[in-house]
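Here is the structure we will look at, set down as structure tokens.
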Amino acid sequence: MDVVSTRSGARRIPALQAVLEGIAGDGGLFVPVEFPRLDSGALLRDHRAGYAHVATAVLDAFFDVGRSTLHPLVSAAYAGFGDDAVAPLRALGDGTRVMELFHGPTLAFKDMALQILPRLFRVALEKFDRKDDALILTATSGDTGKAALEGFRNVPRTAVYVFYPEDGVAEMQRLQMATQRGGNVGVCAVKGNFDDAQAGVKRLFADRAFAAEAGRAGKFLSSANSINIGRLVPQIAYYCNAYAKLVDDGVVRYGDGVNFAVPTGNFGNILAAHYAKAMGLPVARLICASNSNNVLTDFFNQGRYDARRTFHKTMSPSMDILASSNLERLLHEICGRDHDVVRGWMRALSEKGVFDIPAAAREKLSGEFYADFCDEGETAAAIRRTYETDGYLIDPHTAVGVRVHQKYRERTGDDAPTVVASTANPYKFTPDVLASLTGETEDDAFEAAAKLAEYTGGAVPECIAELKRLPVLHDRVAEKDRLDEAARNFLLKIS
Ligand SMILES: *Cc1c(COP(=O)(O)O)cnc(C)c1O
């Protein structure tokens, strides 16, 4: 499968090559020239054979290296997951299914793709006969950073450097990154929010002097953010797998519509669901759930993307984002793949902080997407209520998805089978989860973890408990306009 940039159709390259490049040279994102078709019979067979078979089939539709290369890679990626089903579904009392995407090594859904991505890199470096090595620069709102560090740790011919907002991640998320081991990894806190970190990384990609320096050191720049098509493709698989599971369980017959509710920040996870639908998966509604940073809610409801608003720090920090990168891929489709139109919108966004789409385009989107948000009080109430009614503990990001889906049901009366994406293990966010459940304030994340385990009769995951004992290996902090200094320093270190 070939891909092109959202901003120009001039250069067509294989999707696997785009994995190495990360972002297109013109600042756009790589998108497939067409969507492959899903084979429903094969999907059901693959589902019964196991998650790795579903994921292999999806990857095979985009990356032309053959299933015999992909299957072992995919199997190895998911072998260490904490649940044999990889992405199991749990049924709540009201019939809603929760799709648990957090059974990977860093306890967030980012592992679903970031355990695959480094393996794709190795295949791609060989296939395209690259002599230079990858220097992967990544901005994180909390979970991508750790998942990228863990995925690329000690992977030959790669190095990864992560920027996270200094005061914008949960304590457990920060410690997961600061204690990261590995000879090819680095971490830097940024004095700013996630949007500052993401903008800084984008500037680094556009900085020719930095790219030249990296080149002299035998490195090319790439990204592990969801702007990388190699992040998106593995995420399509779990939507297909969940649908097949519902068919197998007799909840739907193949062809019946299923809704997916997705707690959203950078629009990567929900875009993968949209791609699954574009490939033919019978998806009815996609419910785009935001926290108080509700720029996407307004976009879908009003047809105007307006980033000129207050940035809120919430208990779902991985969704504290106002510049939602992957939306550009959806915009590319709604304007009929007109590169000039996308470029115009993106220019307006960067120059004025706002752009409008035509009413007809908004109408079209509203058939597929429903968007809403919930505030901190509603998020806390959703955590408490889900625990009280179902005995089931959810994290604050998942709680946003659960609550917004409830609001959707109340407002529309649509009771089609729905799967809510659960994006993180609640033990990553212990003070907020504990406070939501019991009202108790406990600022120490480890104390809060112990209390949460006691209250729920659960256990603190070992990879969380051990953070207390591990030495902090990364403590660099950069001003938001000086990310280049930190990146140069890292380049020296690994050269
Ligand atoms: C990254 C993340 C999200 C948001 O996903 P996007 O792909 O950025 O929309 C939601 N929840 C958690 C826990 C995350 O880590």
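All figures in this text were calculated on a predicted structure; none of them were measured in a lab. Counting starts at 1 for both ligands and their atoms, following the listed order. Just so it is clear, the values below take in all heavy atoms, side chains as well, and ignore hydrogens, waters and symmetry mates. In what follows, residues are counted from 1 in the order of the sequence shown.
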* To do: Quick one, list the residues around ligand 1 where some non-hydrogen atom comes in under 4.0 Å, by chain and residue number.
  =>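 Lining ligand 1: Phe109, Lys110, Asp143, Pro263, Thr264, Gly265, Asn266, Phe267, Gly268, Asn269, Ser318, Met319, His397, Thr423, Ala424.
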Check residues 277-287 and write down every donor-acceptor pair under 3.5 Å in which the side-chain atom is one partner and the other belongs to a residue at least two apart or another chain.
unit_1	atom_1	unit_2	atom_2	d
Lys277	NZ	Val283	O	2.8
Lys277	NZ	Ala284	O	3.3
Arg285	NE	Gly367	O	3.1
Arg285	NH1	Tyr408	OH	3.3
Arg285	NH2	Ser366	O	2.7

* Asked: Hey, are the side chains of Pro105 and Asp111 touching, using non-hydrogen atoms and a 4.5 Å cut-off?
  -> yes
* Tell me, do Tyr275 and Arg329 make a side-chain contact under 4.5 Å, heavy atoms counted? -> yes
* Please identify each residue that fulfils ring-ring contact (aromatic ring centres under 6.0 Å, His included) with Phe121, with sequence neighbours left out. =>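 Scan of Phe121 (ring-ring contact (aromatic ring centres under 6.0 Å, His included), adjacent residues dropped) gives Phe152.
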* To do: Check ring-ring contact (aromatic ring centres under 6.0 Å, His included) between Phe109 and all other residues, then give those that pass, not counting sequence neighbours.
  => none
* To do: Would you please indicate yes or no on a ring centroid separation below 6.0 angstrom for Phe429 and His397?
  => yes
